[in-house]
Amino acid sequence: MAKNTPDTHAHDHGHGHGAGHNYLNHEKGLWSWLTSLDHKRIGIMYFITVMLFFLVGGLAALTIRTELFSANRLVDGQTTGAVVTASQYTRLMTYHGAIMVFLVIIPGIPAFLGNFFLPLQIGAKDVAFPRLNLLSWYCLLGGAGLAVASMFYGGADTGWTFYTPYSISLSKAVVLLVSGAFVGGFSSILTGLNFVATVHKLRAPGMTMNRIPLFVWALYSTAILQVLATPVLAITLLLIAMENVFQIGFFDPALGGDPVLFQHFFWFYSHPAVYIMILPAFGVISELIAAFSRKTIFGYTAIAYSSIAIAAVSFFVWGHHMFVSGQSEIAGVVFSAITMLVGVPTAIKVFNWVATLHKASINLASPMLYAMGFMFLFTIGGVTGIFLATTALDTHFHDTYFVVAHFHYVMVGGTLMAIMGGIYYWFPKMFGKMVNEVMAQASFFFIFVGFNVTFFPQFVLGAKGMPRRYYDYLPVFEPLNRMSTIGSYMIGTGFVIALIAVIHALLSKQEPVGDNPWGAKTLEWTTTSPPPHDNFEKTPIVTAGPYEYR
Amino acid sequence: MWLFQLLNSAFAHANSDTFMPPAATEIASHVDQIYVFLLWSSLISFVLLIGGMIWFVIKYKRRTASDKTAYITHNHTLEFLWSFIPFCIFIFSFAWGWIVFHQMRSMPENALEIHVVAKKWDWRFIYKNGREIVAGVDDQGNKTPATMVVPMGRPVKLIMASEKVNPASNEDPKDRPVLHSFFVPAFRTKQDIVPGRYTTLWFQATELGTFNVFCAEYCGDGHYAMRAAIKVVKPEEYEEWLSGEAAGAGGGLSLAEQGKQLYLSRACVGCHSLNGSAGAGPTWKGIFGHDVATNKGTVKVDENYIRESILEPNAQVVSGFQGGVMPSYSGQLKEEEINALIEFIKTVK
Ligand SMILES: [Cu+2]
Ligand SMILES: [Cu+2]
């Protein structure tokens, strides 16, 4: 089946041993990509699409921050300080959130890095259902298409949470955007299904569950969440669409529905979704820490099983988004308690990573910088989560910028840092080339510093009482908002540098990087870079754990 | 309990530089104490953790390409400690939070009641004597927020409802009531306002001054501008203010008096007596705050129950009476008329 391509285009892909036949030159032409069943190619297609969505969502974010740079003032009958109108603002905010959550952060690690490396890390030739895998990419694309279509119908302005009854107003845009999230959700479900089957069925001989790398463990726990939680979201979104189109009362009291019920449904998915977004990042960080400290992970079992524990408990905490929604006091208290429990396994992971650094041999290359950045930011995101889980405190912080800062520290400071670290780490494996280290470090510097300048002030704004989703604010909030906006431009700069670094690396002529440039121990580093179409020349036989640095 | 009291006093003076706005209720200062406690625990854990990470990174920086590292897989004592200590802090914070949350949620008896009506994108405050406060416009044409005046040191309970944008229109879905949230940073309190029912919130101001009220639940383009204010004054001043210039749609009548007029004009009188005798419908005498047996079980007659009885009479039918007899008044009464009827029923003792 693996037919060798002639060596005529070897010059496209570097020279030397590893550069012969690989998944990139296995077939040629756009069509061969769009119909590819190779998990590596599908991973790369996800990479490109997710980065495009990220660009769109990021531009929306920068526009939002630009609007918030100044408080709007009425001077001689003229408003100054406004860049967009209030209704443009509410749409920007909605699409920023919806795109970043549904099209970037959720598919980001599993569908891109996971697709590419999960089979490689367990010594498999592909995922269990390659066709489903391709279908899942088209689902994401279909979802994105619907989201774009919704923009032509005036755009949705409900926020990414689609809270009822606001979202029930016969709006075509809302129906389209909600359908987009619905279709996109299937991408997530299919990927999850595929990963569960792959991990169970396709491990190489000797690759017991206690030998699979932590990245795979993390993806596995995530996959369970994806399969179990996403359908609930799908149904909820369907109900919203039906209520909009047919005016059947599910959630709008004017039609006889219950608006708080929607919040229960929505968060029943969307809290586990938080872990769909962060667990894979934990996996990446475990890989990075092990590889760059050249040391076995401290507490492999604790990290592996705490992922499963988090996944399980995360189904029972959704009400912590609803302490002031009108749900009963006792419900609030129970959700608060369970949320505290979910904090423990999360804390354990961070301690394990730091402990791994003890007596290690640490290489401070850019992926490791991202891993450290992750721990710095994620810890802040984590401890502020405890503030929000405490009922009395959340009564004050709920729906203020404190919450905005908290989840950006977790989702961006956590997941996005992990994606970036993962890209720099696995880049040589994916493309057979190295990213320029100076550029990679520069991008890290801008993103990390910019991130703190952007979001730390938002904790303070929230504590002082500035609510979120505000187009304009009281003048007292202006200095901190200015700082935040400047920070966001720094983040933007960092990502532009990262983009240039990646393009530069792809176009550059380099010495072949070899199979294992970082000296890591997991299986993907035993095959050539880039890997051949079938991943491994011979199926590997596994005799030890994933981090045997002795 | 004593433990929390001890902590209260320990952190009592610590809330000057913690980014929180000035605390204007007692509960607000309790909230700040939890906050300061968590702030310190977080800061210490963060410094230990991230400091440790940086220290290791410097100390164990790679020296040669062939460095050997220790092979340490786990350590039970350490792992137990770093699971158990965070667990204790978390549970402690949970418990303390619960105690204060419980105070926030326990409505005091004999509070001064004020009706709050929220709509896209304005607030209205209606006092029992019929006084109604709405947003105004100043000389420059800028909007001035509706300002609720309350006496210092007295518990105030807000009964909050969300109303249609345009009470006259029934057609446009964009006019239907939506969620809002009443947020007073200086009181550290917040409560969503849910269409179709009342939600409540209480506070007892301990500081004089004017405090911002924000809408904290996204409600559309004008959400950011949906502001109001609470002015806390001395009790004497409050009495004076309250009896001052009468305003509002009620034409100087109190809510209960308006309710009585509605009782007569909207034909409730045909079926409901005030003297304890049953007619086509149950009497209103002494029902408020008491239990009533219905086909859905025993319920307490409160604002939400009366509201439901008026708008959806068949949702819960009083035992001994027929469902379907009372017509639904849904869409026929304005928010303030429902409020007035409720206030009237409260006075029928
Ligand atoms: Cu949550
Ligand atoms: Cu609002």
Side-chain angles (χ1 to χ4, degrees), chain A residues 74 86-87 90 159 163 165-166 168-170 252-254 259-260 294-296 298-299 302 324-326 329 333 336-337 340 343-344 347-348 350-351 354 357-363 372 375-376 379 383 386-387 390-393 395-396 398-399 460 463-465 467 469-472 549-550, chain B residues 19-21 31 34-35 38 42 45-46 49-50 52-53 56-57 60-62 67 69-74 79 82-83 86-87 90-91 93-94 97-98 100-102 104-105 142 173-174 176 178-179 181 183 185 188-192 194-196 199 212 214 216-221 223-224:
Chain A
L74 208 59
S87 60
T90 52
Y163 265 26
Y166 189 79
I168 312 291
S169 57
L170 280 179
D252 187 345
V260 180
R294 192 179 284 164
K295 188 158 168 286
T296 193
F298 184 95
V324 300
S325 69
E329 179 191 333
V333 168
S336 167
M340 295 297 181
V344 177
I348 291 179
V350 183
F351 290 124
V354 172
L357 300 179
H358 177 61
K359 296 200 173 155
S361 158
I362 296 163
N363 172 9
M372 290 175 63
M375 291 214 265
F376 184 99
T379 304
V383 295
I386 300 299
F387 288 63
T390 306
T391 39
L393 266 184
T395 305
H396 178 62
H398 178 74
D399 268 341
V460 182
K464 286 188 181 307
R469 296 176 165 175
Y470 265 32
Y471 163 66
D472 192 19
Y549 297 92
R550 298 207 208 218
Chain B
F19 315 135
M20 289 288 221
V31 170
I34 308 180
Y35 169 73
L38 276 180
S42 306
S45 335
F46 182 80
L49 200 67
I50 301 303
M53 174 181 91
F56 285 158
V57 167
Y60 301 112
K61 202 167 152 45
R62 187 165 300 174
D67 278 357
T69 57
Y71 192 83
I72 311 167
T73 56
H74 58 275
E79 289 182 88
W82 71 42
S83 315
F87 176 80
F90 296 172
I91 289 304
S93 167
F94 154 75
W98 181 6
V100 177
F101 189 60
H102 182 71
M104 292 176 171
R105 288 306 187 89
N142 290 320
K174 288 210 169 2
R176 288 183 195 146
V178 297
L179 293 170
S181 191
F183 174 32
R188 314 283 187 273
T189 189
K190 181 183 290 131
Q191 173 61 52
D192 282 7
V194 184
T199 53
N212 284 317
F214 297 110
E217 183 61 69
Y218 175 70
C219 56
D221 287 354
H223 170 54
Y224 74 95

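Naming convention: chains lettered A, B, ... in sequence-line order (proteins, then strands); numbering from 1 in each chain.
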Identify which part of [X] has an atom lying under 4.5 Å from any heavy atom of chain A, answering side chain, backbone, both or neither.
X: B/M53; value: both
X: B/Q191; value: both
X: B/F87; value: both
X: B/V194; value: side chain

Quiz item: Is the A/F351 ring parallel, tilted or perpendicular to the B/W82 ring (thresholds 30°, 60°)?
Solution: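 Ring orientation, 0 to 90° scale: parallel.
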Quiz item: Is there side-chain contact between A/D399 and B/E217, with heavy atoms separated by less than 4.5 Å?
Solution: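 A/D399 vs B/E217: side chains touch.
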Rounded to the nearest 0.5 Å, how far does [atom2] of [Y] lie from [atom1] of [X]?
X: B/F183; Y: A/H396; atom1: CZ; atom2: NE2; result: 5.0 Å
X: B/S42; Y: A/I386; atom1: OG; atom2: CD1; result: 8.5 Å
X: A/T391; Y: B/W98; atom1: OG1; atom2: CH2; result: 9.5 Å

Exercise. For chain A, find which of B/M104, B/K190, B/H102 contributes the most heavy-atom pairs closer than 4.5 angstrom.
Key: B/K190
Practice problem: Find the one option among B/T189, B/L179, B/L38, B/I91 whose heavy-atom pairs under 4.5 Å with chain A are most numerous. | Solution: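 With the most close heavy-atom pairs to chain A, the winner is B/L38.
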May I ask you to name which of [options] has the most heavy-atom pairs under 4.5 Å with chain B?
options: A/T379, A/T296, A/V350; result: A/T296
options: A/V383, A/D252, A/N363; result: A/N363
options: A/R469, A/K464, A/E329; result: A/E329
options: A/S361, A/A86, A/P165, A/S87; result: A/S361
options: A/S325, A/A347, A/G159, A/P259; result: A/S325

Quiz item: Which heavy atom in B/F214 sits nearest to a heavy atom in A/P467, and how many Å separate them?
Solution: CB-CG, 3.6 Å
Quiz item: How close do B/D221 and A/Y166 get, heavy atom to heavy atom, and via which atoms?
Solution: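 Smallest interatomic distance, heavy atoms only, reads N-OH, 4.3 Å.
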Self-check item: Derivation and outcome, side-chain contact (heavy atoms from CB on, under 4.5 Å), residues A/F387 and B/I34
Solution: CA-CA 9 Å; A/F387 288 63; B/I34 308 180; over 6 Å; no
Practice problem: Might you work through the side-chain contact (heavy atoms from CB on, under 4.5 Å) test for B/E79 and A/F298, ending with a clear yes or no? | Solution: CA-CA 10 Å; B/E79 289 182 88; A/F298 184 95; 3.9 Å; yes
Exercise. Could you check A/Y163 against B/Y218 for ring-ring contact (aromatic ring centres under 6.0 Å, His included), going step by step and ending with a plain yes or no?
Key: CA-CA 9 Å; A/Y163 265 26; B/Y218 175 70; 9.7 Å; no
Practice problem: Start with the C-alpha distance between A/L357 and B/Y60, add both sets of side-chain angles, then the distance that settles side-chain contact (heavy atoms from CB on, under 4.5 Å), and finish with yes or no. | Solution: CA-CA 8 Å; A/L357 300 179; B/Y60 301 112; 5.8 Å; no
